[in-house]
Amino acid sequence: MCNYKLMNKFLKEFKDRGFFYQCTNEEELSSLMDKEKIKAYIGFDCTAESLHVGSLLQIMCLRLLQKNGHRPIVLLGGGTTRIGDPSGKDKTRKILNEEEIEKNIKNIKNILKKFLDNDNPETKPIFVNNYTWLKNLNYISFLRDIGKHFTINRMLTFDSVKLRLDREQSLSYMEFNYMILQAYDFLELSKKENCVLQIGGSDQWGNIVNGVELIKRYSNKQSYGLTTPLITLATGAKMGKSENGAIWLDEKFLSAYDYWQFWRNTDDRDVVKFLKNFTDIEIEDIKKVENNNINDLKILLANKTTSMLHGNEAAKNSEQAAKEAFSGNSLGSSLPSVKVNSQNIDNKLDIIDLIILSKLEKSKSEIRRLIKGNAVKINDKVVSDEKLIIENEFFNENYLKLSIGKKRHIKIELD
RNA sequence: GGAGGGGUUCCAGAGCGGUCAAAUGGGGCGGGCUGUAAACCCGUUGACUUCGGUCUUCGAAAGUUCGAAUCUUUCCCCCUCCA
């Protein structure tokens with residue numbers, strides 16, 4: 001532990017914001033970062049087409065690096081995604097094919113660009129794909145040069161491995177090698193980019209330490225690892241994993257309005273923590289407002305997080321739409337909308353089909369259940385007849401408001 | 001290669017010939033209370049339905065039976081021990 005007051009500015013804020021979990025050598029890292037601007041990397045898995053809020057803390061770390069003049073390297077795991085990280089997974093991941101991974105990489109890169117400053121030449125992110133070096137590895141020489149630095153004895157002690165074995169779940173040799181490849185990534189970045197720091201989630205600790213040690217042994221250079229805690233909700237659930245779908249960062253999968261809603265619905269106990277974790281508001285400023293009305297804080301949180309990703313405009317619209325949708329008697333003209341061909345109305349479209357068209361639900365049985373439970377509303381009036389035919393009169397100025405439950409609202413527009 | 005254990009609905013996990021669309025818990029969804037919070041209470045949780053039912057599901061296929069998640073055979077996969 002080094003003296004908090006003397007600590008490097010980046011590290012200090014890193015801690016103040018609750019990003020800190022473990023560090024391989026805090027004191028040295030602190031003085032190194034005081035002395036020079038460094039390059040640090042975070043790896044992103046490309047298993048999914050988009051990132052979700054589970055990766056947001058890592059993204060905030062990248063932003064914090066930039067804020068302090070350091071340069072982030074974003075490693076997209078095009079190679080390692082082909083293997084699958086066993087950490088934190090109790091089952092073997094499904095293996096994706098080449099095109100899927102390439103597509104995912106492109107998407108994820110675009111999302112990250114939204115969060116990062118791409119203009120400042122000193123700090124703009126360096127994007128790398130580890131497939132570029134992993135694909136050409138020669139097995140024999142890799143084993144000789146890199147493999148010799150790893151002992152099975154030690155690898156077996158890592159949580160990612162141990163957990164699987166303890167739980168009697170299979171761990172393939174392929175996955176077993178994941179940590180070596182990740183260590184190799186760090187070595188590669190150390191050589192190529194002079195990267196000295198890897199940041200990752202706490203579940204990456206083992207992989208990161210391996211990298212630090214490999215670099216030490218291979219090129220006798222000092223590098224560092226820094227991990228962030230796993231963010232759990234006050235209820236104990238993992239962040240961003242709602243059953244109804246993860247909280248995606250890509251607008252294609254989750255509208256700005258729904259993203260805003262996600263933050264607006266934060267548990268009371270998490271609000272201040274999230275303001276620190278997921279907004280740029282200075283710590284001192286958060287302290288000033290942290291006793292304000294809890295719902296105002298939630299709106300603040302929602303606005304900041306949404307504008308960071310989708311822009312100010314989108315955040316304002318979402319706030320406006322929410323106001324209208326929840327105040328009751330307004331028709332929510334700024335809600336996200338779905339267009340419906342007016343011919344459908346003439347053809348006696350019923351409520352069930354309307355909901356299917358709106359994509360709010362896809363199972364007719366489920367919709368029937370919802371109607372029975374008084375969950376479906378048109379223009380704030382409960383629909384109790386599952387055979388209700390949608391009439392032209394329902395549309396005010398070309399649109400109607402369709403609601404499922406208290407929180408899902410959508411505008412149906414005539415086309 | 002040998003011996004044993006196992007694969008059940010979103011997850012965990014019961015069922016071991018009909019009463020099984022499958023206990024229980026978790027999660028999800030909806031309703032109530034509230035603050036678009038938490039906690040709590042209630043309902044619901046395969047699909048389709050003219051609400052009478054109909055269809056598809058218990059690793060895969062074939063079989064026994066009036067009837068199978070449950071029995072038999074083969075195959076696939078996982079785990080443990082032995083070689």
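Just so we're on the same page: letters track the sequence lines, and every chain starts at 1. These numbers were taken from a predicted model, which means no experiment stands behind them.
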#### Entry: Closest to side chain of A:Lys387, choosing from B:rU36, B:rG30, B:rU50
B:rU50
### Task
Please tell me which of A:Ile356 and A:Ile299 maps to the more 5' nucleotide of RNA chain B, matching each residue to the nucleotide holding its nearest heavy atom.
A:Ile299
## Note on the structure
Taking for A:Ile352 and for A:Ile294 the nucleotide of RNA chain B with the nearest heavy atom, the one nearer the 5' end belongs to A:Ile294
Regarding [X] and [Y], do their side chains bring together a donor and an acceptor under 3.5 Å, going by distance alone?
{"X": "A:Gln204", "Y": "A:Asn207", "value": "yes"}
{"X": "A:Ser255", "Y": "A:Asp258", "value": "yes"}
{"X": "A:Asn210", "Y": "A:Arg154", "value": "no"}
{"X": "A:Thr228", "Y": "A:Gln58", "value": "yes"}
{"X": "A:Glu319", "Y": "A:Asn303", "value": "yes"}

Can you tell me the distance, in whole Å, between the [atom1] atom of [X] and the [atom2] atom of [N]?
{"X": "A:Lys323", "N": "B:rG35", "atom1": "NZ", "atom2": "P", "value": "18 Å"}
{"X": "A:His409", "N": "B:rG30", "atom1": "NE2", "atom2": "P", "value": "10 Å"}
{"X": "A:Leu297", "N": "B:rG35", "atom1": "CG", "atom2": "P", "value": "17 Å"}
{"X": "A:Arg408", "N": "B:rC29", "atom1": "CZ", "atom2": "C1'", "value": "7 Å"}
{"X": "A:Leu301", "N": "B:rA37", "atom1": "CG", "atom2": "C1'", "value": "13 Å"}
{"X": "A:Phe326", "N": "B:rU36", "atom1": "CZ", "atom2": "P", "value": "8 Å"}
{"X": "A:Glu386", "N": "B:rC48", "atom1": "CD", "atom2": "P", "value": "12 Å"}
{"X": "A:Lys273", "N": "B:rA38", "atom1": "NZ", "atom2": "P", "value": "15 Å"}

### Query
Can a side chain N or O of A:Arg368 be found less than 4.0 Å away from OP1 or OP2 on B:rC48?
no
### Query
Between A:Lys407 and B:rA37, does any side-chain N or O lie under 4.0 Å from OP1 or OP2?
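Result: yes.
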#### Entry: For A:His409, the option from A:Tyr257, A:Phe326, A:Tyr399 that meets ring pair (Phe, Tyr, Trp, His ring centres under 6.0 Å)
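It is A:Phe326; the other options fail the test.
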### Query
Of the options A:Tyr41, A:Trp133, A:Tyr224, which is the one that meets A:Phe186 in a ring pair (Phe, Tyr, Trp, His ring centres under 6.0 Å)?
A:Tyr41
In Watson-Crick or G-U wobble terms, both distances under 3.5 Å, what is the partner of [N]?
{"N": "B:rC81", "value": "B:rG2"}
{"N": "B:rA12", "value": "B:rU24"}
{"N": "B:rC48", "value": "B:rG53"}
{"N": "B:rG17", "value": "none"}
{"N": "B:rG43", "value": "B:rC29"}

### Query
Got more than 12 heavy atoms from elsewhere within 6.0 Å of NZ, A:Lys114?
yes
### Task
Look at all strands and tell whether A:Lys298 reaches a base, only sugar-phosphate, or nothing, counting heavy atoms closer than 4.0 Å.
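Contact class for A:Lys298: base.
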### Message
Using a 4.0 Å heavy-atom cut-off, does A:Trp260 contact any base of the nucleic acid, only the sugar-phosphate backbone, or nothing at all?
### Response
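The answer is base, as A:Trp260 lies within the cut-off (heavy atoms under 4.0 Å) of a base atom.
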### Query
Any donor-acceptor pair under 3.5 Å between the side chain of A:Asn293 and the base of B:rG35?
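Counting by modelled atom types and ignoring angles, no donor-acceptor contact under 3.5 Å is found here.
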Determine the Euclidean distance between corresponding [atom1] atoms of [M] and [N]; express it in Å to zero decimal places.
{"N": "B:rG17", "M": "B:rU72", "atom1": "C1'", "value": "13 Å"}
{"N": "B:rG27", "M": "B:rC82", "atom1": "P", "value": "41 Å"}
{"N": "B:rC11", "M": "B:rU74", "atom1": "P", "value": "30 Å"}
{"N": "B:rG5", "M": "B:rA39", "atom1": "P", "value": "44 Å"}
{"N": "B:rG53", "M": "B:rC58", "atom1": "C1'", "value": "23 Å"}
{"N": "B:rU56", "M": "B:rC48", "atom1": "P", "value": "15 Å"}
{"N": "B:rG59", "M": "B:rC79", "atom1": "C1'", "value": "15 Å"}
{"N": "B:rG35", "M": "B:rG28", "atom1": "C1'", "value": "23 Å"}

### Summary
Per-nt protein contacts along nucleotides 39-47 of chain B (heavy atom under 4.0 Å; B base, S backbone sugar-phosphate only, - none) come out as S----SS-S
### Query
Taking the inter-plane angle between the rings of A:Phe253 and A:Trp248 on a 0 to 90° scale, is it parallel (under 30°), tilted (30 to 60°) or perpendicular (over 60°)?
tilted
### Query
Do the rings of A:Phe14 and A:Phe10 sit parallel, tilted or perpendicular, given the 30° and 60° boundaries?
tilted
### Worked verdict on A:Lys216 versus A:Glu213 for salt bridge (charged side-chain N to carboxylate O under 4.0 Å, His left out)
CA-CA 5 Å; A:Lys216 183 82 187 163; A:Glu213 284 178 9; over 6 Å; no
### Task
Any pair with a residue in residues 335-349 of chain A that passes side-chain hydrogen bond (donor to acceptor under 3.5 Å, both in side chains), sequence neighbours left out, goes on the list, sorted by first then second residue, please.
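Applying side-chain hydrogen bond (donor to acceptor under 3.5 Å, both in side chains) to every pair that reaches into residues 335-349 of chain A, excluding sequence neighbours, yields A:Ser337-A:Glu413.
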Shorter than 3.5 Å, N or O on both sides, protein versus nucleotides 31-34 of chain B: list them out with atom names.
residue : atom : partner  : partner atom : Å
B:rU34  : O4   : A:Lys406 : NZ           : 3.1

### Task
Please work out whether B:rG52 sits syn or anti, treating a glycosidic angle within 90° of 0 as syn.
syn
